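The basis for the numbers below is simple: all heavy atoms, side chains too, and nothing from hydrogens, waters or symmetry mates. Note that the structure is a prediction, hence the values are computed from the model and not measured. First the proteins, then the strands, lettered A, B, ... as listed; each starts at 1.
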There are 2 protein chains.
Amino acid sequence: MTSAAGSPPTGRARLADVAALAGVSVGTASKALNGAGRMRPETRQRVLDAVEELGFRPNQHAQSLHSGRSWTVGLMTTDGIGRFSTPVLLGAEDALGAGKISVLLCDTRGDAIREQHHLRNLTDRRVDGIIVTGRRTDPRPPLTGIDPAIPVVYALSPSTDPADTSVVTDDRGGAHLAVEHLLATGRTRIAHVTGPEHHQAARDRARHAVEHLAGAGLELATGRVHFGEWSEAWGRRAADAVLRTAPDTDAVFCGNDQIARGVADALRERGKEVPGDIAVVGYDNWDTMALACRPPLTTVDMNLAEIGRIAALRLLQAIDAEPDPGVHTVPCRLVVRESS
Amino acid sequence: MTSAAGSPPTGRARLADVAALAGVSVGTASKALNGAGRMRPETRQRVLDAVEELGFRPNQHAQSLHSGRSWTVGLMTTDGIGRFSTPVLLGAEDALGAGKISVLLCDTRGDAIREQHHLRNLTDRRVDGIIVTGRRTDPRPPLTGIDPAIPVVYALSPSTDPADTSVVTDDRGGAHLAVEHLLATGRTRIAHVTGPEHHQAARDRARHAVEHLAGAGLELATGRVHFGEWSEAWGRRAADAVLRTAPDTDAVFCGNDQIARGVADALRERGKEVPGDIAVVGYDNWDTMALACRPPLTTVDMNLAEIGRIAALRLLQAIDAEPDPGVHTVPCRLVVRESS
DNA sequence: ACCGTCTAGGAAAAGGTTTGCCCGTGACCT
DNA sequence: AGGTCACGGGCAAACCTTTTCCTAGACGGT
């Protein structure tokens, strides 16, 4: 029961204690634990029994010091933890945590100084890799001043440098899904209300919606895309505009769920039945909006958690020295509810 | 320029390289960096110059191995990263990141297995402390099987063990603020619509609202608390019930912003002016609800980020071996908008 | 019976920093 | 002039694990 030398100064058992208890050397104990080296089965078992008895857990700092790896990745989010980055972050955490990798959370609040601060911190901690997520789909400049040996994956907001690895949502496919669904349910006079034109997501979704309509020989019911804000208030105003311009509109594809909800509210208040008279389709599948809407919204789900998960997998791959640069898109999914 | 022995095997400069360049021993270089020990100013400066020239950054793994500290705290959130835990988490991250402490994110998804898994992981990493946040204000059982040497602070959901340190919102004060505001603006026939009675937050807010009204010699306009769900749909239904039971109601205090929004919508649709005829006050100050509501909601802000920050500070304090057990409440703040 | 081969397991270095302890030198005091 | 003290700085242990290299013993073959 007495473990050779002094009892461990830290309350925890060290490998040396295990070795002493098992009657082997420290090196042998290590090999027994890691399955390396050859040894008699009963010797290995004695070591494992000792581990069990002492409740030994290896000191990760020592392991990391030796291996140079920290079994940790940095997760930098640039806008607080917004509605978009949260699921991405959770997806990544899930994929990484399944292994023995943990996630260091860094929030830059969009501040370049903070970003540098965190970057230095992560570098000092010798993280194995970094995932950068943004709030929007607009490309962002790559991290600067970073040790090139640390792999980086950009999620949601791609890097402007095509040599980096980015994982983004498929806005084209999303718009396609929404429009196709409306067409398939017999709608032909479709309007599009979305966010600010200077947002890439708004532009992309609009462009692909228009293209897809054109492919079916159709045009937008109001003849143009209604760019505005990502808000309910804008959705309400835009709905009025749509009804004025093209009273025969039978569907509105909205750039996000907030707009869609505003549209649905305004339509109802103008005496239009949703979906009887006019179908409404949103984008984001943000539960609190989509489910609270009257009626609940059909909407495009970007599979954000999946984006996070894939970003994590790409990162793991890059850590194993098999980087796969370029922009990877993750398909969306249509969630059909009662508004269409 | 040649740095004594071999060039560093890792691309990074080691303290030994710095020492060689400065012409001192490794130990001295270390002391120069840490301000410890006594030495000639010019010696210290030579070391600092060498650090600068080589871009030296200490290897944290080595530091941690030596000190036993990881300069890291675990942040366990039990329900994904919900609307409530997110601000708490950011507040904590902010307070901790200001020092040189980083945050390890662990999401248990409410799963006890996962919680144990993460707990072992955090223990293995020798985190300096752990912050546990929940979704609700209901007390939760303390972490089990944890090394007692690791300080833990519970945020938002207090621990059931009063010997633990918990930081929670002040539901009493919040209810007080809301009711006082309504009274101060001349309302006297006040109804209360809130969430499920089995939620502590709902019970507490209701109880304190009633008590405060009683203090002013008043009772609830409908004679009872309307317990239900935390949803807009419930808010709408409850508003109807309130109007039926007590048509002369001139204010509704709601248990959260979703309910409040539902109430406001229903009131408007029943031809009641908000706030002209009836004032509405929400709870949570959840922007997307409070601002999108027509009219924008007066609401109670729980200062969640502050809760996170204070939890972080308490944790730092506990890490410095000055624990301060018990439940600490953080006051709320009333945000007055147009609904009252 | 001797030599070669193979195996189990030990010894020690490496990974990088901190820190307690010690020593040499120069200054100051008596 | 000798002793004491303070100061500057070096040495080495400690933190703990992994991994390479090596040795002693056993076993088989001739």
Take the protein atom [atom1] of [X] and the nucleotide atom [atom2] of [N], then report the distance between them rounded to whole Å.
| X | N | atom1 | atom2 | answer |
| --- | --- | --- | --- | --- |
| R38(B) | dA6(D) | CZ | P | 9 Å |
| R125(A) | dG16(C) | CZ | P | 18 Å |
| R126(A) | dG16(C) | CZ | C1' | 9 Å |
| L65(B) | dA14(C) | CG | C1' | 13 Å |
| D124(A) | dT17(C) | CG | C1' | 14 Å |
| L15(B) | dG15(C) | CG | P | 14 Å |
| W71(A) | dT18(D) | CH2 | P | 11 Å |
| Q60(A) | dT18(D) | CD | P | 10 Å |

Could you measure the distance from the OG1 atom of T133(B) to the CG atom of L89(B)? Nearest 0.5 Å is fine.
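Here the rounded value is 6.5 Å.
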Output all residues satisfying side-chain hydrogen bond (donor to acceptor under 3.5 Å, both in side chains) with [X], sequence neighbours left out; order by chain, then residue number.
| X | value |
| --- | --- |
| T28(B) | S25(B) |
| T43(B) | none |
| Q317(A) | none |

Which ones in residues 39-52 of chain A lie close to DNA chain D, meaning a heavy atom under 4.0 Å from one of its atoms?
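Hits under 4.0 Å, by residue number: none.
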For residues 92-105 of chain A, dump all side-chain donor-acceptor pairs below 3.5 Å to protein atoms at least two apart in sequence or in another chain.
from	atom 1	to	atom 2	distance (Å)
E93(A)	OE2	D107(B)	N	3.0
E93(A)	OE2	H118(B)	NE2	3.3
D94(A)	OD1	R114(B)	NH1	3.1
D94(A)	OD2	R309(A)	NH2	3.4
S102(A)	OG	N121(B)	ND2	3.0
S102(A)	OG	R125(B)	NE	3.1
S102(A)	OG	R125(B)	NH2	3.4

Could you write out each protein N or O paired with an N or O of nucleotides 22-28 of chain C at a distance under 3.5 Å?
none

Exam field: side chain [X] to backbone [Y], donor-acceptor pair closer than 3.5 Å:
| X | Y | value |
| --- | --- | --- |
| R46(A) | A22(A) | yes |
| S64(A) | R69(A) | yes |
| S30(B) | V26(B) | no |
| N59(A) | R14(A) | no |
| D128(B) | W71(B) | yes |

Compare the minimum distances between each of dT17(D), dT18(D), dC15(D) and the side chain of A62(A), then state the nucleotide with the smallest one.
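Nearest listed nucleotide: dT17(D).
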Side chain of R14(A), heavy atoms from C-beta onward: which of dT19(C), dC7(D), dC16(D) has the nearest atom to it?
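Closest nucleotide to the R14(A) side chain: dC16(D).
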For nucleotides 10-13 of chain C, give me every protein contact, N/O to N/O, under 3.5 Å, one pair per line with atom names.
from	atom 1	to	atom 2	distance (Å)
dG10(C)	OP2	S25(A)	N	2.8
dG10(C)	OP2	S25(A)	OG	3.1
dG10(C)	OP2	T28(A)	OG1	2.7
dG10(C)	O6	K31(A)	NZ	2.6

Could you work out, with salt bridge (Lys or Arg N to Asp or Glu O under 4.0 Å) as the rule, every residue matching E42(A), not counting sequence neighbours?
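If we apply the salt bridge (Lys or Arg N to Asp or Glu O under 4.0 Å) test to E42(A), skipping adjacent residues, the hits are R40(A).
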With sequence neighbours excluded, residues passing salt bridge (Lys or Arg N to Asp or Glu O under 4.0 Å) with R44(A):
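So R44(A) forms no salt bridge (Lys or Arg N to Asp or Glu O under 4.0 Å) with any residue.
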Over its full length, what angle do the end axes of the helix from dA1(C)-dT30(D) to dT30(C)-dA1(D) make, each axis taken from five pairs and the result rounded to 10 degrees?
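About 60° separates the two local helix axes.
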Name the atoms and distances for all side-chain donor-acceptor pairs under 3.5 Å in residues 148-161 of chain B, with sequence neighbours left out.
from	atom 1	to	atom 2	distance (Å)
Y154(B)	OH	L143(B)	N	2.9
S157(B)	OG	R136(B)	O	2.4
S159(B)	OG	D161(B)	N	2.9
S159(B)	OG	D164(B)	OD2	2.7
D161(B)	OD1	A163(B)	N	2.8

Can you list every salt bridge (charged side-chain N to carboxylate O under 4.0 Å, His left out) pair that touches residues 28-38 of chain B, not counting sequence neighbours?
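Found none.
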Taking only the side-chain nitrogens and oxygens of Q63(B), find out if one of them lies under 4.0 Å from OP1 or OP2 of dT18(C).
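Result: yes.
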Ignoring backbone atoms, test whether N59(B) places a side-chain nitrogen or oxygen under 4.0 Å from the OP1 or OP2 oxygen of dG15(C).
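Checking N59(B) against dG15(C): no side-chain N or O falls below 4.0 Å of OP1 or OP2.
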